[in-house]
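Because only heavy atoms are used, hydrogens play no part in the values below, and waters and symmetry mates are left out as well, while side chains stay in. Remember, it's 1-based here, ligands and their atoms both numbered in the order they're listed.
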Amino acid sequence: MATAKSDAFVFFGATGDLAYKQIFPALQALVKDGKLDMPVIGIARSGWTVDDLRKRAEDSLKEHGGVDKAAFAKLSRQMQYIDGDYGDAQTFARLRKALGDAQHPLHYLAIPPSMFVPVVKGLAASGCAQGARVIVEKPFGRDLHSAQALNRTLHRFFREHDIFRIDHYLGKEPVQNLLYFRFANSLLEPIWNRDHIASMQITMAEDFGVQGRGRFYDEVGAIRDVVQNHMFQVLALLAMGPPANRSADAMRDEKLRLFRSMRPLKPEDIVRGQFDGYLKEPGVAKKSTVETFAALRIHMDTWRWAGVPFFIRAGKQLPVKCTEVLVRLKNPPQQVFDAPEGAVNHYRFRLNPDVIISLGARVKEPGEAMKGRPVELVAHRHIRTGMMPYQRLLGDAIDGDSALFTRDDCVEEAWRVLDPIIGDKVPVHKYKVGSWGPKEADALIADAGGWNDPKVDVPAKAGK
Ligand code: NDP
């Protein structure tokens with residue numbers, strides 16, 4: 001397995017939205033940390049020069065985190081720009097020349113998914129794929145069939161360990177913390193099973209709509225945009241068994257076992273919603289039935305989790321911006337004292353906008369009666385600093401470390417679970433902006449104590 005550090009960073013989609021919002025800040029941070037000492041070659045077809053690219057990078061940094069004079073000057077010197085269409089062999093011939101004696105270029109496909117295959121083929125035909133790695137942006141396929149086809153194409157030109165399927169959620173500090181907390185402590189593992197856990201739920205709420213990206217979103221919807229990738233990855237970190245060690249494959253083997261145990265979803269396991277006004281968003285089809293909200297119930301056929309339901313809820317235009325996990329424990333076998341409704345114990349993991357790990361319990365109220373009240377033992381931290389997800393992930397890909405990237409079999413297994421309900425298999429229900437989605441979603445989880453609606457008291461920007 002090639003573990004050599006990459007020696008050129010090639011950046012398809014250099015003029016795009018993702019580059020502006022995430023990639024330039026990550027590149028500057030990597031230069032500052034001494035991890036990007038190599039040519040940085042941007043490729044797009046906007047008719048730009050390298051100075052236009054530098055200007056765009058500077059504008060991006062001014063808006064996203066600030067310009068670090070020394071690091072930016074260095075990054076600017078490393079930058080090159082190639083103007084050309086990805087369908088044109090000449091573009092790749094120019095890239096081959098620009099790569100000079102680089103032996104292990106890293107090609108980052110920050111481009112629309114329809115361009116993944118043409119670019120990969122262009123890289124291979126021009127000799128640019130030789131000894132190289134490739135990072136592929138999300139979404140990886142639209143369903144099981146297209147994901148398999150994309151994997152087949154990638155495998156024609158790259159070995160699996162040289163392919164980095166990005167899911168930036170895995171680069172987030174609080175998501176890393178979830179993994180760490182589970183396996184660095186001994187207190188969870190003895191109770192982390194069907195004997196003690198009643199249910200788990202994950203809510204990913206956004207308090208905004210499609211933010212001008214209606215055309216993109218209307219081809220995707222909530223399940224493809226965030227459930228198949230981000231939410232399933234969080235679910236895997238919550239439910240997988242302990243990895244044998246911290247190697248990329250040990251981690252991904254455990255995730256694979258978990259995804260394989262998940263039953264394919266049935267229509268009764270899902271509720272789809274669409275917020276009022278979505279159809280008026282620019283770029284959205286007039287009669288679109290694409291979901292902006294999805295609630296799912298998932299079953300896993302393992303000894304650990306038999307009979308324990310898992311729920312996922314993700315949506316736009318909900319009351320808050322927050323991602324939170326609630327793990328409900330089974331109640332004591334007898335209520336010796338008072339008998340409160342619902343689960344008396346829980347673990348709560350907030351992943352965004354701040355980090356909370358808490359244990360819900362009951363304590364006695366002072367006084368004669370043996371009456372109690374709920375309390376939470378809370379570990380809490382605001383995330384204002386720390387490594388940006390793209391900085392961490394691009395740095396790992398440069399080093400050839402694929403632990404935080406998704407493997408071919410894991411992607412396909414996740415699609416296998418969702419494939420039966422993707423598209424218009426179930427109706428889409430309208431919901432009010434600022435509500436918690438359509439009421440039909442409540443019935444899905446009623447038997448497991450209902451949804452936990454996160455309450456947020458930190459500014460949304462704190463957790464970006
Ligand atoms: P944009 O549409 O903003 O950018 C697309 C980029 O690809 C542009 O640089 C464009 O160049 C280039 N491009 C497209 N077709 C060609 C072609 N035929 N020849 C040459 N250049 C071409 O997309 P985004 O930046 O929003 O998204 C890129 C990828 O990142 C997608 O896979 C998306 O799903 C993913 N992503 C995006 C996020 C975001 O917040 N934007 C978040 C997470 C993932 P030019 O401008 O010169 O036409």
Side-chain angles (χ1 to χ4, degrees), residues 10-27 40-50 52-53 55-57 59-60 63-64 79 81-95 107-123 126 128 134-142 146-147 150 154 163-172 204 206 208-231 233 282-283 314 316 321 352 388-391 393-394 397 405-406 411 464:
V10 182
F11 171 17
F12 291 86
T15 56
D17 183 60
L18 183 66
Y20 190 78
K21 291 201 299 220
Q22 301 281 1
I23 303 172
F24 290 122
L27 295 181
V40 175
I41 306 170
I43 310 185
R45 57 172 174 192
S46 288
W48 285 11
T49 64
V50 68
D52 294 322
L53 187 67
K55 172 81 174 61
R56 174 84 168 168
D59 291 346
S60 148
E63 234 183 281
H64 300 102
M79 275 185 182
Y81 178 74
I82 294 175
D83 198 72
D85 196 283
Y86 302 153
D88 181 356
Q90 280 309 310
T91 307
F92 296 92
R94 287 207 291 279
L95 172 61
H107 302 292
Y108 180 14
L109 313 189
I111 53 178
S114 58
M115 284 289 120
F116 291 163
V117 170
V119 169
V120 166
K121 287 184 173 167
L123 288 172
S126 58
C128 297
V134 63
I135 306 178
V136 186
E137 256 303 332
K138 67 158 234 205
F140 195 91
R142 289 184 57 75
S146 54
L150 183 53
L154 287 167
I163 302 169
F164 293 74
R165 297 171 193 78
I166 211 162
D167 184 337
H168 76 274
Y169 235 69
L170 285 177
K172 284 178 182 265
M204 180 186 182
E206 292 174 327
F208 49 84
V210 293
Q211 297 185 309
R213 299 181 76 222
R215 193 175 306 283
F216 159 80
Y217 195 84
D218 206 39
E219 286 182 13
V220 181
I223 296 174
R224 289 188 172 105
D225 192 34
V226 296
V227 174
Q228 189 272 345
N229 34 57
H230 306 334
M231 293 298 91
Q233 289 297 328
K316 291 192 173 290
K321 176 168 167 35
N352 187 36
M388 293 172 279
Y390 275 91
Q391 175 191 357
L393 294 172
L394 298 183
F405 295 83
T406 319
V411 172
K464 272 208 158 173

Do any nitrogen or oxygen atoms of D17 lie less than 3.5 angstrom from nitrogen or oxygen atoms of ligand 1? yes
Scanning both residues in full, the closest heavy-atom pair of T15 with A44 reads OG1-CB, 3.4 Å
Proximity to ligand 1 by part of F12, non-hydrogen separation under 4.0 Å: neither
Does any N or O atom in A19 lie less than 3.5 angstrom from one in ligand 1, N or O only? no
Looking at atom 6 (C) of ligand 1, what's its closest protein heavy atom, distance included? G13 CA, 3.6 Å
Should L154 and F116 count as side-chain neighbours, where that means a heavy-atom distance under 4.5 Å? no
If you compare E137, R213, E219, Q22 by their heavy atoms, the one closest to atom 39 (C) of ligand 1 turns out to be R213
May I ask you to test the I166-F140 pair for a side-chain heavy-atom distance under 4.5 Å? no
Under 3.5 Å between some N or O of ligand 1 and some N or O of P113? no
Contact summary for Y20 and S60, nearest pair of heavy atoms: O-OG, 2.7 Å
If I apply the N/O under 3.5 Å rule, does G16 come out as touching ligand 1? yes
Looking at ligand 1, does any of its N/O atoms fall within less than 3.5 Å of an N/O of Y390? no
Compute the minimum heavy-atom distance from Y20 to ligand 1 and say whether it is under 4.0 Å. no
For ligand 1, which atoms sit closer than 4.0 Å to a heavy atom of A110? 28 (C), 29 (C)
Close-contact set for ligand 1 against F216 heavy atoms, below 4.0 Å: 34 (O)
To check you understand the geometry: which heavy-atom pair defines the closest contact between I135 and A397, and what is its length? CD1-CB, 3.7 Å
min-distance protein heavy atom vs atom 45 (P) of ligand 1 -> T15 OG1, 3.2 Å
In this structure, atom 27 (O) of ligand 1 is nearest to the protein heavy atom L18 CB, 4.3 Å
Atom 35 (C) of ligand 1: closest protein heavy atom, distance to 0.1 Å, is K138 O, 3.5 Å
I need the atoms of ligand 1 closer than 4.0 Å to a non-hydrogen atom of K21, numbered in the order shown. 40 (O)
State, yes or no, whether a side-chain contact exists between R45 and T91 at a heavy-atom distance under 4.5 Å. no
Do H107 and L95 have side chains that approach each other closer than 4.5 Å (heavy atoms only, starting at C-beta)? yes
Report the member of P118, G84, P112, S46 with the shortest heavy-atom distance to atom 5 (C) of ligand 1. P112
Please state which protein non-hydrogen atom is closest to atom 32 (O) of ligand 1 and give its distance, to 0.1 Å? I111 O, 2.8 Å
Hey, can you tell me if Y169 and H230 have their rings parallel, tilted or perpendicular (30° and 60° cut-offs)? parallel
M115 neighbourhood, listing ligand 1 atoms whose heavy-atom distance to it stays under 4.0 Å: 15 (N), 18 (N)
I need the nearest protein heavy-atom contact for atom 48 (O) of ligand 1: residue, atom name and distance, please. R45 NE, 2.8 Å
Using the side-chain hydrogen bond (donor to acceptor under 3.5 Å, both in side chains) rule, pick out the option among D225, N229, D167 that qualifies with K138. D225
Distance filter under 4.0 Å to P139 heavy atoms, resulting ligand 1 atoms: 34 (O)
Hey, what's the ring geometry for H168 with Y390, parallel, tilted or perpendicular (30° and 60° as the breaks)? parallel
G87 heavy atom under 4.0 Å from ligand 1: no
Is R56 paired with D52 through a side-chain N to carboxylate O contact shorter than 4.0 Å? no
Looking only at heavy atoms, the pair that brings G47 and D83 closest together is N-OD1, 2.6 Å
On a heavy-atom basis, the closest approach of V226 and A314 is CG2-CB, 3.8 Å
Atom 19 (N) of ligand 1 has as its nearest protein heavy atom Y86 N, 2.9 Å
Do the non-hydrogen side-chain atoms of V210 and D218 ever get within less than 4.5 Å of each other? no
Go through ligand 1 atom by atom and flag the ones less than 4.0 Å from a non-hydrogen atom of A14. 9 (O)
